[in-house]
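Here the structure comes first, spelled out in structure tokens, and everything after it is commentary.
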Amino acid sequence: MPKTSREETEELDQKVKRVKCDSEDNGGETLLSGFQTSSVLSDSAREKIIFIHGKLDDQKAVVILEKTPIREDTLTDLFTNSTLKLEMTNDIYSTYWLQAPPHLNQIKTTVVCPATEKHVKKYQRQESFLVEESGADYESITLPYIQKQSFSVQWVYNILEKKAEAERITYEDPDPEVGFVLLPDFKWDQKQVNDLYLIAIVHKRNIKSLRDLTSEHIPLLQNIFQRGKETILKQYNHPASKLKVYLHYQPSYYHLHVHFTKLGYEAPGCGVERAHLLADVIQNLQSDPKYYKTRTLYFPLRADDGLLGQFKEAGRL
Ligand code: M7G
């Protein structure tokens, strides 16, 4: 019988996990046994996620633990193979603790090690301020700052050069001008489409963000939009009408990439103050080739973001 796309996805996921464990010197399985917690950077009871700062082998690390959604296709397994302990009962109401078998009780874990001070800040809960950035502000304040201070994009180059996550690539167009790699974002475990999240990373290396886009990039953006939607339909049986396709401004990583998430999934940074729909970006560039060079753009910055300090110093806040 031919495999369903879900079976193929799961098989792929398992393969990736095996490769990762095999390739890690410490075997992966015991990696976190020596983790020493320093502080909780942030957490959310509703999202069932916690961001922890600590040390791993004397190096600063950030560990993210996240409980994943309960999948419909595992319910029979869950009901048959779990144990149930009664907590309380009252009239027609009763509550229990269900002890699921280990394979249905996993916690998605992300480790950033060594983590920089900027990573620690990224995951720390903080007050935000909305910044108004004109084209001139970008040139005089933002650009000099990001040239000195931004996150390394080594992980992006590793993907483009097939040095990491090669097995996870969902689609690639190798063209140097309009080509890109589409793969699952590391926030998505690919077990359910409810939180579907892929990113398209462009092959071209000189486009930092939305601000660098001009009408010459329209073919690249259209290619990503079109091929991305087709691939997600084919691979995950998820139609374009249920997708949100956007860019972040400011991004965390200054190498152009596009976010593909399920419509209705509240991915971090998908709000109007940070997300720019790819369809709008294309149209804006069609009506004004220099739209993103000249427009004032608005975005939130966290209280201790160095860029916010620069805007304050320049009297722009
Ligand atoms: P962004 O808009 O630059 O910043 O998006 P954000 O992280 O503040 O949203 C970068 C996207 O790349 C995010 O959705 C990340 O979850 C994702 N991402 C980051 N890293 C380091 C990796 C990685 O190593 N692999 C994959 N597949 N995705 C990553």
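Both counts, for ligands and for their atoms, begin at 1 and track the order of listing.
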Backbone or side chain, does any N or O of F186 fall under 3.5 Å from an N or O of ligand 1? yes
Would you mind telling me if ligand 1 is within reach of the side chain of I199, the backbone, both or neither, using heavy atoms under 4.0 Å? side chain
Could you identify the single nearest non-hydrogen protein atom to atom 23 (C) of ligand 1 and state the distance to 0.1 Å? W155 CE3, 3.2 Å
Note: ligand 1 atoms sitting under 4.0 Å from heavy atoms of K122 are 6 (P), 7 (O), 8 (O)
Using 30° and 60° as the class limits, which term best fits the ring planes of Y138 and Y249: parallel, tilted or perpendicular? tilted
With a 4.5 Å limit on heavy-atom distance, are the side chains of L198 and H259 in contact? no
Closest non-hydrogen protein atom to atom 25 (N) of ligand 1, residue and atom name please, with distance? E165 OE2, 2.6 Å
At a non-hydrogen distance cut-off of under 4.0 Å, which region of Y253 contacts ligand 1 (side chain, backbone, both, or neither)? both
Is it true that Y197 lies under 4.0 Å from ligand 1, counting heavy atoms only? yes
What protein heavy atom lies closest to atom 8 (O) of ligand 1? Include the residue and the distance to one decimal. S252 OG, 2.6 Å
min-distance protein heavy atom vs atom 2 (O) of ligand 1 -> H248 ND1, 2.6 Å
Salt-bridge contact D43-R125 (side-chain N to carboxylate O under 4.0 Å): yes
A side-chain contact here means heavy atoms from C-beta on lying under 4.5 Å apart; do V181 and H203 qualify? yes
Ring centres of H248 and F299 under 6.0 Å apart? no
Among all the protein's non-hydrogen atoms, which is closest to atom 13 (C) of ligand 1, and how far away is it? D185 OD2, 3.3 Å
Could you tell me whether H119 approaches ligand 1 through its side chain, its backbone, both or neither, with non-hydrogen atoms closer than 4.0 Å? neither
Nearest protein heavy-atom contact for atom 1 (P) of ligand 1: which residue, which atom, what distance? H257 NE2, 3.2 Å
Look at R316 together with D137 and state whether they make a salt bridge at an N to O cut-off of under 4.0 Å. yes
Which of the ligand 1 atoms, numbered from 1, are nearer than 4.0 Å to a heavy atom of P251: 2 (O), 3 (O)
Take every heavy atom of Q250, measure it against each atom of ligand 1, and state whether any distance is under 4.0 Å. no
Can a salt bridge be assigned to the pair K162 and E172 using a cut-off of 4.0 Å between side-chain N and carboxylate O? yes
Would you call E47 and K67 a salt bridge, using N to O less than 4.0 angstrom? no
Under a 4.0 Å N-O cut-off, is there an ion pair linking E117 with K60? yes
Lys/Arg N to Asp/Glu carboxylate O, K204 vs E177, below 4.0 Å: yes
Would you say P184 has any N or O atom under 3.5 Å from an N or O of ligand 1, going by distance alone? yes
